[in-house]
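Down below is the structure, laid out as structure tokens.
Positions are given from 1, in the same order as the sequence printed here. Both ligands and their constituent atoms are indexed starting at 1 by order of listing.
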Amino acid sequence: REAGAVAGTRHAKNPILLARKILEDSPHVILSGDGADEFAREKGLELVDQSYYDTPRRRKALDRILEQSKKDKYGTVGAVALDKEGNLAAGTSTGGMTNKSYGRIGDSPIVGAGTYADNRTCAVSCTGHGEYFIRAAVAYDVSARMAYSGESVEQAAETIIQHTLKDFGGSGGLIALDREGNFAMPFNTSGMYRGFHLSDGRTGIKIFADE
Ligand code: ASP
């Protein structure tokens, strides 16, 4: 339940490193906008011009959405991890939904919505339509179901994505890991890029549903 988050940064080259710095070195949990960039400067993190974020791929995605010829896509990167001491961690980084309003903040930096980790239960990172993940407190709900109902990480994650979120009208998925190393990666969209790496060397990468 240690946490650090950043929203609306315009110059931090790696917002996830800034979020980590806020966790380690600030009395606050979330910094936004100019204040976040100022904190990054004070801490000596790498800053870039805004044009750094303007990639041809993202520009094309925006143009396509503006033309209304294609549905929105999500592009978040998330990770959950368990170390050998039993510590759970989650990280989520995103440019947010394409064609969002200026100033809009999604679920990724909201602790308990798009990202959450508690050593007593699980680590969770989400992707999808952020507004629904915030309103349903999705990441925290996985942890709460495990703590209060004794559900496994697989049961809790599955129920939330396939029932709670879906019935509410929200699309997306999540990755979740418990302190024994059990994990779940449910989604209610057509696919979700995902992978795992276990300490015994097993790995896996998938996009669509399990066969
Ligand atoms: N969850 C992100 C948001 O709403 C979007 C994504 O997952 O790509 O900002």
Side-chain angles (χ1 to χ4, degrees), residues 3-10 12 14-20 22 29-33 36 50 52-66 70-81 89-117 122-143 157-158 160-162 164-177 183-196 205-209:
V6 60
T9 173
R10 291 185 297 167
N14 303 105
I16 196 80
L17 296 182
L18 176 53
R20 176 69 190 235
I22 294 166
V29 171
I30 309 180
L31 292 179
S32 71
Q50 259 203 294
Y52 173 79
Y53 301 108
D54 196 341
T55 65
R57 190 163 151 247
R58 284 292 166 205
R59 175 62 60 181
K60 239 166 112 186
L62 177 61
D63 289 346
R64 234 181 286 138
I65 282 175
L66 290 173
K70 202 154 187 242
K71 274 183 77 188
D72 195 5
K73 279 215 164 171
Y74 308 123
T76 293
V77 177
V80 290
T92 314
S93 187
T94 189
M97 292 172 74
T98 310
N99 198 24
K100 59 197 175 289
S101 296
Y102 179 55
R104 181 258 190 191
I105 296 175
D107 59 315
S108 307
I110 308 293
V111 180
T115 311
Y116 192 70
C122 61
V124 184
S125 176
C126 304
T127 182
H129 195 148
E131 280 68 13
Y132 290 89
F133 282 75
I134 295 172
R135 291 164 64 204
V138 166
Y140 178 71
D141 204 21
V142 179
S143 170
E158 190 71 17
I160 290 156
I161 292 297
Q162 306 304 355
T164 316
L165 189 70
K166 204 170 171 184
D167 298 348
F168 198 31
S171 61
L174 61 80
I175 52 174
L177 173 68
F183 62 92
M185 304 194 279
F187 51 94
N188 63 29
T189 47
S190 53
M192 179 175 82
Y193 298 107
R194 60 202 190 280
F196 64 87
I205 299 172
K206 284 183 180 166
I207 299 178
F208 301 107

Element-labelled atoms of ligand 1 that are located less than 4.0 Å from some non-hydrogen atom of [X]:
{"X": "Gly96", "answer": "9 (O)"}
{"X": "Gly130", "answer": "4 (O)"}
{"X": "Thr127", "answer": "6 (C), 7 (O), 8 (O)"}
{"X": "Asp107", "answer": "1 (N), 2 (C), 3 (C), 4 (O)"}

For this session: Classify the side-chain pair Ser171/Thr189 by whether it contains a donor and acceptor separated by less than 3.5 Å.
Result: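 Not at all, the side chains of Ser171 and Thr189 share no donor-acceptor pair under 3.5 Å.
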Problem set entry | Stepwise side-chain contact (heavy atoms from CB on, under 4.5 Å) test for Leu174 and Met192 | CA-CA 9 Å; Leu174 61 80; Met192 179 175 82; over 6 Å; no
Problem set entry | Nitrogen or oxygen atoms of Arg104 and ligand 1 under 3.5 Å apart |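 N/O-N/O distance under 3.5 Å: yes.
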For this session: Please determine if Thr76 has a nitrogen or oxygen closer than 3.5 Å to a nitrogen or oxygen of ligand 1.
Result: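 In this structure, Thr76 places an N or O atom under 3.5 Å from an N or O of ligand 1.
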For this session: Take Ile175 and Phe183, measure what side-chain contact (heavy atoms from CB on, under 4.5 Å) needs, and give me the verdict at the end.
Result: CA-CA 7 Å; Ile175 52 174; Phe183 62 92; over 6 Å; no
Exercise. By ring pair (Phe, Tyr, Trp, His ring centres under 6.0 Å), which residues pair with Tyr53, not counting sequence neighbours?
Worked result: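 Ring pair (Phe, Tyr, Trp, His ring centres under 6.0 Å) check on Tyr53 returns nothing, list empty.
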Problem set entry | Residues forming a ring pair (Phe, Tyr, Trp, His ring centres under 6.0 Å) with Tyr132, sequence neighbours excluded |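 Here the qualifying residues are His129, Phe168.
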Exercise. Any idea which of Gly128, Cys126, Gly106 brings a heavy atom closest to atom 5 (C) of ligand 1?
Worked result: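 The residue whose heavy atom sits nearest atom 5 (C) of ligand 1 is Gly128.
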For this session: Using side chain to side chain contact (heavy atoms under 4.5 Å, CB included) as the criterion, point out the one residue from Asp107, Thr127, Val77, Thr76 that pairs with Thr94.
Result: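 The residue from Asp107, Thr127, Val77, Thr76 that satisfies side chain to side chain contact (heavy atoms under 4.5 Å, CB included) with Thr94 turns out to be Thr76.
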